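All values below come from the heavy atoms of this structure, side chains included, with hydrogens, waters and symmetry mates left out. On a predicted model such as this, the values are computed, not experimentally measured, just so you know.
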Amino acid sequence: MNRNKCLSCGLVNATIDENCRRCGTPLTGEGEEPAEPVEENRRKRTLGKRLLWILGATLFFLFASYMSLRVTSDDLGSDQRQIVHRSVTILEQRGFGSEARLLNTLTSYRSTDNWWNRFVGHRDAYAATNFPFEVLTLYPEFFSDSADDLERAAILLHEARHLFGSGEEAALEFVWRNKRKLGWTEDKYGISKVWINTKEQTLNLVPSLFQCGPDGKSDCTP
C-alpha cells in the first residue's frame, strides 16, 4: 500500500487519506503554501525588533553620555553667557551663519572640564569641544586673554569647526583663511596673545599658508 507523508508534521498516512491523521493538514499540498510566508513574516518581525532594539540602545547610550558630560561640569555664569552671545552675534553679522546657528542652538556651554576632558587631558587652550555631543568648554583664558568680543568670536569660529567634526588643522586653516572676513586682522590684533598663539599654531600645522611672497615665508591670506 502506498503511503502519503505529511509535509507539516511528518506522519506517514495511508494513500486514501485526504487529511493528515495527526494534524489535519490536507495531503494534497494545498494547505502547505502559507507555511513559507508565515515563516518569512516571522523572520522579518524578528529582524525589525532587533533593529529597533539596537537603535534604542544607541540613542540611550548617546543620551546618557551627553548627560554625563553635563552633570560632571559646571555651567557658564550669566556674565559669561552675555559675552558669548555678543561674540556669536558678531559671527552671524560677518557672514558665518551656519557656525552661529550651531553655537546658538545646539551647543551646550560649560565653564569646567567634564569627566572625559579630565580623562584624556588637553594642552593649553582657550576652549575644548566634545564632538558629536556639541559640548563646548570655555576656559578662563577665553575671557581673560582675548582682546575683545571680536577676538573671542575668532576663537568660537575655530571651536565651531570642531563641533562640525573638523580636525585641528582644518579648523586652524578655516579661521586663518577667513580672518579678514571676520575683521580679525594683524594690523588690529597683531600684538594680542590670541593672535600670536593662533598664528604660531597655524604656521606649525598648516605651513602651506605661509609660503607666499618674494621670500616664500609670507602669509598667503593677508
Side-chain angles (χ1 to χ4, degrees), residues 58-59 61-92 94-179 181-182 184 189 192-206 209:
T58 301
L59 292 176
F61 172 77
L62 291 175
F63 178 75
S65 300
Y66 169 75
M67 292 304 300
S68 73
L69 297 178
R70 286 182 58 90
V71 300
T72 57
S73 58
D74 297 329
D75 198 356
L76 293 179
S78 58
D79 292 342
Q80 293 174 325
R81 285 191 169 277
Q82 291 178 12
I83 293 173
V84 170
H85 176 72
R86 293 199 302 266
S87 298
V88 175
T89 299
I90 291 175
L91 290 178
E92 188 174 16
R94 300 299 169 90
F96 300 96
S98 59
E99 290 79 10
R101 283 191 295 273
L102 175 63
L103 293 168
N104 269 330
T105 59
L106 297 179
T107 304
S108 175
Y109 295 94
R110 317 306 293 168
S111 63
T112 60
D113 276 326
N114 52 58
W115 69 269
W116 180 247
N117 287 349
R118 291 193 294 269
F119 177 75
V120 300
H122 61 81
R123 55 186 174 77
D124 293 337
Y126 299 108
T129 57
N130 299 111
F131 176 81
F133 301 103
E134 311 309 274
V135 174
L136 173 55
T137 304
L138 300 177
Y139 299 119
E141 292 77 13
F142 170 83
F143 301 97
S144 61
D145 290 356
S146 50
D148 53 22
D149 289 341
L150 191 144
E151 191 157 68
R152 283 185 280 270
I155 298 174
L156 290 177
L157 183 61
H158 176 98
E159 301 305 326
R161 301 311 302 176
H162 285 315
L163 293 173
F164 277 125
S166 298
E168 184 68 10
E169 293 182 15
L172 285 169
E173 181 174 357
F174 182 85
V175 173
W176 201 254
R177 287 187 180 278
N178 287 279
K179 61 184 185 297
K181 176 182 177 181
L182 179 61
W184 189 51
Y189 297 92
S192 76
K193 187 174 182 179
V194 175
W195 176 276
I196 294 172
N197 289 342
T198 303
K199 183 177 181 179
E200 181 180 354
Q201 293 175 19
T202 307
L203 179 60
N204 290 334
L205 294 179
V206 199
L209 294 179

The criterion is side-chain hydrogen bond (donor to acceptor under 3.5 Å, both in side chains); which residues satisfy it with [X], sequence neighbours excluded?
X	value
Arg118	none
Ser146	Arg152
Arg161	Glu99
Glu134	none

Treating [X] as the side-chain partner and [Y] as the backbone partner, does any N or O pair qualify as donor plus acceptor under 3.5 Å?
X	Y	result
Tyr66	Val135	no
Ser166	His162	no
Thr129	Glu159	no

Side-chain heavy-atom pair [X], [Y] within 4.5 angstrom cut-off:
X	Y	value
Val84	Leu103	no
Thr202	Glu173	no
Tyr126	Leu138	no
Tyr109	Thr137	no

query = What do you reckon, is CZ of Phe63 surrounded by more than 12 foreign heavy atoms closer than 6.0 Å?
reply =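 Not more than 12 within 6.0 Å, no.
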With sequence neighbours left out, what residues match [X] under salt bridge (Lys or Arg N to Asp or Glu O under 4.0 Å)?
X	answer
Arg70	none
Lys181	none
Arg101	none

Roughly how far, to the nearest 0.5 Å, is [atom2] of [Y] from [atom1] of [X]?
X	Y	atom1	atom2	answer
Ile196	Asp145	CD1	CG	11.0 Å
Leu69	Asn117	CG	CG	7.5 Å
Leu156	Leu91	CG	CG	6.5 Å
Thr89	Asn104	OG1	CG	6.5 Å
Ile90	Leu157	CD1	CG	12.0 Å

key: ring pair (Phe, Tyr, Trp, His ring centres under 6.0 Å) involving Phe61 - partner list, sequence neighbours excluded   =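 Ring pair (Phe, Tyr, Trp, His ring centres under 6.0 Å) list for Phe61, sorted by chain: empty.
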message = Could you work out, with ring pair (Phe, Tyr, Trp, His ring centres under 6.0 Å) as the rule, every residue matching Trp116, not counting sequence neighbours?
response =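 Trp116 satisfies ring pair (Phe, Tyr, Trp, His ring centres under 6.0 Å) with Phe119 once adjacent residues are dropped.
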task = Scan for salt bridge (Lys or Arg N to Asp or Glu O under 4.0 Å) pairs involving residues 195-205, sequence neighbours excluded, and state none if there are none.
result =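 Matches after skipping sequence neighbours: Glu186-Lys199.
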side-chain contact (heavy atoms from CB on, under 4.5 Å) evaluation trace for Asn178 with Leu182 = CA-CA 6 Å; Asn178 287 279; Leu182 179 61; 5.8 Å; no
ask   = Ser73: what forms a side-chain contact (heavy atoms from CB on, under 4.5 Å) with it, not counting sequence neighbours?
value =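 Listed in chain order: Arg110, Thr112, Asn114.
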request  = Quick one: list whatever passes side-chain contact (heavy atoms from CB on, under 4.5 Å) with Gln80, sequence neighbours left out.
outcome  =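 Gln80 satisfies side-chain contact (heavy atoms from CB on, under 4.5 Å) with Leu76, Ser111, Phe143 once adjacent residues are dropped.
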Which pair of non-hydrogen atoms, one from [X] and one from [Y], has the smallest distance, and what is that distance?
X	Y	answer
Phe131	Leu163	CD1-O, 3.1 Å
Ala153	Ser87	CB-O, 3.5 Å
Ser98	Phe164	O-CZ, 3.7 Å

ask   = Hey, what's the ring geometry for Trp176 with Trp184, parallel, tilted or perpendicular (30° and 60° as the breaks)?
value =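 Ring orientation of Trp176 relative to Trp184: perpendicular.
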query = Regarding Tyr139 and Asp113, is there a side-chain donor-to-acceptor distance under 3.5 Å anywhere?
reply =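 Looking only at side-chain atoms, Asp113 and Tyr139 do form a donor-acceptor pair, the distance falling under 3.5 Å.
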Donor-acceptor side-chain pairing of Ser192 and Glu151 below 3.5 angstrom =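 A pair is found: one side chain offers a donor N or O, the other an acceptor, under 3.5 Å apart.
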side-chain contact (heavy atoms from CB on, under 4.5 Å) evaluation trace for Phe174 with Lys179 = CA-CA 9 Å; Phe174 182 85; Lys179 61 184 185 297; over 6 Å; no
task = Please report the C-alpha distance between Glu168 and Gln201 in whole Å, then the side-chain angles of each, then the deciding distance to 0.1 Å, and finally whether the side-chain contact (heavy atoms from CB on, under 4.5 Å) criterion is met.
result = CA-CA 10 Å; Glu168 184 68 10; Gln201 293 175 19; 3.8 Å; yes
